[in-house]
Amino acid sequence: QVQLVESGGGLVQAGGSLRVSCAASGGTFSSYAMGWFRQAPGKEREFVAAISKTGLNTYYADSVKGRFTISRDNAKNTMYLQMNSLKPEDTAVYYCAGRRVGFIGTMRNDYAYWGQGTQVTVSS
């Protein structure tokens, strides 16, 4: 089964940019559809973006559409989330998730494999 490790979180000012990464190991990364979720303090974990196993199909939550870009490099076993025009309400722990099918899922229960999360803090 695949193991996932996020990196790249940090503190950024509102309007700034940040890229978080998710490195996969222990499985055939190109067989997994992947997703990003986030959880703010006191809130439920919510869907952010997802990408199919080939990278040809992507899907975004309305709250991040036009500001965030999900991508993957199957040769490097890595997925990315480029976050631009960040807002204080984007502050959360960001989790990457994997599912052993090719097509996109948008629900938390669609994913069986999770990373430990990386903190993103946007200051106003």
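Worth knowing before you read on, the calculation uses all heavy atoms, side chains too, and leaves out hydrogens, waters and symmetry mates. Worth saying up front: this structure is predicted, and the values here are computed from it rather than measured.
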Hydrophobic clustering (ILVMFWY, side-chain heavy atoms < 4.5 Å, transitive) - are I70 and L86 grouped together?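 Same cluster: L86 reaches I70 through Ile, Leu, Val, Met, Phe, Trp or Tyr contacts under 4.5 Å.
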Transitive ILVMFWY side-chain link V120 to Y80, under 4.5 Å: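 Shared cluster, no.
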Mark yes when over 12 heavy atoms from residues, nucleotides or ligands other than R100 sit less than 6.0 Å from its CZ; otherwise mark no.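 Not more than 12 within 6.0 Å, no.
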For atom CD of Q116, is the number of surrounding heavy atoms from other residues, nucleotides or ligands below 6.0 Å larger than 12?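 Yes.
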Contacts of [X] that satisfy side chain to side chain contact (heavy atoms under 4.5 Å, CB included) - sequence neighbours left out:
| X | result |
| --- | --- |
| T118 | E6, V20, Y94 |
| K65 | Y60, D62 |
| S85 | R67 |
| S17 | Q82, N84 |

Taking all atoms of both residues into account, what is the closest heavy-atom pair of A24 and L4, and its distance?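 Heavy atoms of A24 and L4 come nearest at CB-CD2, 3.8 Å.
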Which heavy atom of L56 sits nearest a heavy atom of S52, and at what distance?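 Shortest heavy-atom separation between L56 and S52 comes out as N-OG, 3.4 Å.
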Roughly how far apart are [X] [atom1] and [Y] [atom2], rounded to 0.5 Å?
| X | Y | atom1 | atom2 | value |
| --- | --- | --- | --- | --- |
| N77 | T28 | CG | OG1 | 8.5 Å |
| I51 | N57 | CD1 | CG | 9.0 Å |
| M34 | S71 | CE | OG | 11.5 Å |
| Q119 | Q39 | CD | CD | 11.0 Å |
| S124 | K87 | OG | NZ | 14.0 Å |

Of all pairs that satisfy disulfide bond (SG atoms under 2.5 Å apart), the ones with a partner from [range], not counting sequence neighbours:
| range | answer |
| --- | --- |
| residues 51-124 | C22-C96 |
| residues 28-73 | none |
| residues 37-68 | none |

Side chains of S30 and K53: closer than 4.5 Å at any heavy-atom pair?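 Result no, sub-4.5 Å side-chain heavy-atom pair not found.
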Between L81 and R38, is any pair of side-chain heavy atoms under 4.5 Å apart?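 Side chain of L81 against side chain of R38, heavy atoms only: no contact under 4.5 Å found.
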Pair listing, ring pair (Phe, Tyr, Trp, His ring centres under 6.0 Å) test, anchored in residues 11-32, at least two apart: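 Those involving residues 11-32 are Y32-Y113.
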Test question: given the 4.5 Å side-chain rule for I, L, V, M, F, W and Y, name all other residues clustered with [X], or answer none.
| X | result |
| --- | --- |
| F103 | V101 |
| M107 | none |
| Y59 | F37, F47, V93, Y95, I104, Y111, W114 |

Partner set under salt bridge (Lys or Arg N to Asp or Glu O under 4.0 Å) for R72, not counting sequence neighbours: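 Per chain and number, R72 pairs via salt bridge (Lys or Arg N to Asp or Glu O under 4.0 Å) with no residue.
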